[in-house]
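Working notes, beginning with the structure itself.
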Amino acid sequence: MCSDSLITLRLGCPECGTELSGHFDTCRYCRLDAGDSELLEVFLRSRGNIRDVQAHLAVSYPTARARLGELLDRLGLSDPLPEAAAVTASQPGAPAVGAPAAGAPTEQVLDDLAAGRIGVAQAEALLTGRTPPPS
C-alpha cells in the first residue's frame with residue numbers, strides 16, 4: 001500500500017443484498033486503531049476520571065494524560081473549546097437543565113456523554129463546534 005488513507009467505495013447489506021456505490025467518508029472515530037479505541041472506551045467508562053484510566057492501563061498519571069493528549073491530537077480535538085462561548089444556565093434561552101451548552105468544556109461534554117445525558121451525535125457536535133442535533 002502507498003500509506004494514503006483508505007476510503008469506502010461500496011456499502012452493502014448482507015441480509016437483502018442491497019448495495020450502494022460511491023465515495024463514503026468515515027467518521028474520525030471509525031479510523032481509530034484498536035489501542036486508541038480501547039483508550040477512548042476506558043476513558044468514557046471511567047466517566048473521564050484519569051486516575052481510573054491510569055489504573056486500568058497500569059501506567060503513571062502523566063503517562064495516562066499524555067496518551068489521552070495524543071488521542072485528542074489524532075482526533076483533531078487538541079484545541080480546547082473557548083470557555084467564553086459557553087452559555088450559562090442563568091441566561092435567557094439557555095439549554096435545559098443537565099444539557100451542556102454549545103461550546104461547553106470538553107470535560108463537561110464527555111461527562112454528560114458518559115452519564116447518558118446526551119448522545120454521541122450531540123457530543124461530537126459540541127466537541128467540533130457544529131450545531132448539535134435536536135434532543
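Computed from heavy atoms alone, side chains included, the values below leave out hydrogens, waters and symmetry copies.
Residues Phe43 and Val53 come closest through the heavy atom pair CA-CG2, 3.7 Å. Between Leu44 and Ala114, the shortest heavy-atom contact is O-CB, 3.5 Å. Heavy-atom minimum distance, Gly12 versus Pro14: O-CD, 3.6 Å. The minimum heavy-atom distance linking Thr18 with Cys16 is given by the pair OG1-SG, 2.9 Å. The minimum heavy-atom distance between Ser46 and Asp52, with the atom names listed, is CB-CB, 3.5 Å.
Going from atom CG of Asp33 over to atom CD of Glu38 covers 10.5 Å, rounded to the nearest 0.5 Å. Separation of atoms CG (Leu9) and CG (Leu20) is listed at 12.5 Å; rounding is to 0.5 Å. Atom CG in Leu75 sits 7.0 Å away from atom CG in Leu40 (nearest 0.5 Å).
Arg74 places a side-chain heavy atom less than 4.5 Å from the side chain of Asp36. Using a 4.5 Å cut-off on side-chain heavy atoms (C-beta onward), Leu57 and Leu39 make contact.
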Practice task
Test side chain to side chain contact (heavy atoms under 4.5 Å, CB included) on Gln54 and Arg51 and set out the steps.
Solution key: CA-CA 5 Å; Gln54 167 196 355; Arg51 295 250 180 240; 3.5 Å; yes
Problem - Trace of the side chain to side chain contact (heavy atoms under 4.5 Å, CB included) decision for His56 with Glu41 - result: CA-CA 11 Å; His56 180 81; Glu41 182 177 340; over 6 Å; no
Exercise for the section: In sequence, state the C-alpha distance, the side-chain angles, and the governing distance for Leu126 and Leu113, and then conclude on side chain to side chain contact (heavy atoms under 4.5 Å, CB included). Expected result: CA-CA 11 Å; Leu126 290 166; Leu113 175 63; over 6 Å; no
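Evaluation of the side chain to side chain donor-acceptor pair (under 3.5 Å) rule for Arg47 yields no partner, not counting sequence neighbours. In this structure, Asn49 has no side chain to side chain donor-acceptor pair (under 3.5 Å) partners at least two apart in sequence or on a different chain.
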In residues 59-66, what donor-acceptor pairs under 3.5 Å come from side-chain atoms, sequence neighbours left out?
residue : atom : partner : partner atom : Å
Ser60   : OG   : Thr63   : N            : 3.2
Ser60   : OG   : Thr63   : OG1          : 2.9

